[in-house]
Amino acid sequence: MTLYDLKGRSLTCLRDYSPDEIRALIEMGLEFKRRYYAGERVIPVLKGHSIAMIFEKPSTRTRVSFEVAAWQLGAKAMYLGWRELQLGRGETIADTARVLSRYVDGIVARVYEHEKVEELARYSRVPVINGLSDLSHPVQALGDYMTILEVKGRLKGVKLAFVGDGSDNVLHSLLIAGAKLGVDIVVATPKELRPREDILKAALDAAAESGSEIRIIEDPYTAVSGADVVYTDVWVSMGQESMREEKTRLLRPYQVNRRLMEAAGGKALFMHCLPAHRGEEVTDEVIDGPWSIVWDQAENRLHIQKAVLAALIA
Ligand code: CP
Ligand code: NVA
């Protein structure tokens, strides 16, 4: 297994990771999956280690895949609800990081404001892994590119069309990582919901180096034409409930349905980080249809989580 110099590093945003480091993590994820299916369920490179998992908002995939990943690496993971910790009574993030990192070997955190995961990382002695913030979802993007590589056999030159909320956290990570990996990305989104400027700039800079093409447009049909992958995410992310009416109005023309998938052409696959709001951003016909690889995509979270934990902590 290729091991780059990732030991001891935090992973709060993929902006901090080089293309080679991202590729190494994806290759490791594929290797963990191959070994799992070859019968090596437990690869105890983290025997005797402990992982704290602080969650400020709900999770199914991230929580369970990290917990199972830790178990399969021989480590113990602890799920800690934000409000059950003294954090919920006002203990500072810095003090929490200082104390937890005297006990555990790694911290996974899912937070509302991205600054919180940055602050945890600043005061922690052990690696901090972003399990989703309002800005980004790096471990999701790593798993997604692992899935695309697995299915398409390559990443460079693959055309990914993201249709929906251009300001989405998952999209931000797909843009950063995709640009570094040479994936061509076209985003179809209303002009009110463009990606955050600094993220877009980082993606465009990375794309200039990798030779990939990044475009932000408004028309979903133009975006999906000739796409290898059509990707969407919910219209209303966790914490944005007060914006439901406005975002739903803006995003209604961006539903991924049969008509859009057929317009994409024969080779297009459908991806979604999940959870899906069926009938909003995607129809049942598409998510349950022949285009969909969402369950393989969700499964790969387990194997990429093992790669991230092993590389950063073991
Ligand atoms: N995709 C994802 O992170 O799902 P959860 O919110 O269930 O963790
Ligand atoms: N954009 C979604 C992703 C969930 C995994 C959210 O933040 O709620």
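Basis for what follows: all heavy atoms, side chains included, without hydrogens, waters or symmetry-related copies. Whatever order the structure lists ligands and atoms in, that order sets their numbers, starting from 1.
- Heavy-atom contacts of Asp168 reach the following atoms of ligand 2: 1 (N) (cutoff under 4.0 Å).
- Annotation: atom 4 (O) of ligand 1 to nearest protein heavy atom, Arg61 NE, 2.8 Å.
- Although no hydrogens or angles enter the test, the distance criterion places a donor-acceptor pair under 3.5 Å between the side chain of Gln305 and the main chain of Arg301.
- Thr60 N, 2.7 Å is the protein heavy atom nearest to atom 7 (O) of ligand 1.
- Lys116 contributes no side-chain N or O that, together with a main-chain N or O of Val111, makes up a donor-acceptor pair within less than 3.5 Å.
- Polar contact check, Ser237 against ligand 2: a nitrogen or oxygen pair lies under 3.5 Å apart.
- Annotation: Arg63 places no N or O atom under 3.5 Å from an N or O atom of ligand 1; distance criterion only.
- Under 4.0 angstrom from ligand 2, the non-hydrogen atoms of Leu132 all belong to its side chain.
- Look at Leu274 and you'll find a heavy atom under 4.0 Å from some atom of ligand 2.
- With a 4.5 Å cut-off on side-chain heavy atoms, Leu25 and Tyr17 count as touching.
- Residue Leu274 places a heavy atom less than 4.0 Å from ligand 1.
- Residues Leu6 and Glu21 have side chains in contact (heavy-atom distance under 4.5 Å, counting atoms from C-beta outward).
- Of the possible polar contacts, none joining the Lys159 side chain to the Asp184 backbone as a donor-acceptor pair under 3.5 Å is found.
- When only non-hydrogen protein atoms are considered, atom 6 (O) of ligand 1 lies nearest to Arg110 NH1, 2.8 Å.
- In terms of polar-atom proximity, defined here as any N/O pair under 3.5 Å, Pro275 makes no such contact with ligand 1.
- Between Glu192 and Lys247 there is no salt bridge, since no side-chain nitrogen of the basic residue lies less than 4.0 Å from a carboxylate oxygen of the acidic one.
- Below 3.5 Å of separation, one finds no N or O of Lys57 facing any N or O of ligand 2.
- Under a 3.5 Å cut-off, the side chain of Glu209 and the backbone N or O of Asp205 do not form any donor-acceptor pair.
- Judged purely by atom type and a 3.5 angstrom limit, Ser65 has no side-chain atom pairing as donor or acceptor with the backbone of Leu302.
- Given atom 7 (O) of ligand 2, the protein heavy atom at minimum distance is Asn169 ND2, 2.8 Å.
- For His303 and Tyr36, the ring centers sit closer than 6.0 Å to each other.
- Taking all heavy atoms of Asp165, Asp233, Val234 into account, the minimum distance to atom 3 (C) of ligand 2 is reached by Asp233.
- A heavy-atom distance below 4.5 Å is not found between the side chains of Asp296 and Val151.
- For the pair Met238 and ligand 2, the shortest N or O to N or O distance falls below 3.5 Å.
- Within ligand 1, the atoms closer than 4.0 Å to a non-hydrogen atom of Gln140 are 1 (N), 2 (C), 3 (O), numbered from 1 in the order shown.
- Against a heavy-atom cut-off of under 4.0 Å, His137 is close to the following atoms of ligand 1: 2 (C), 3 (O).
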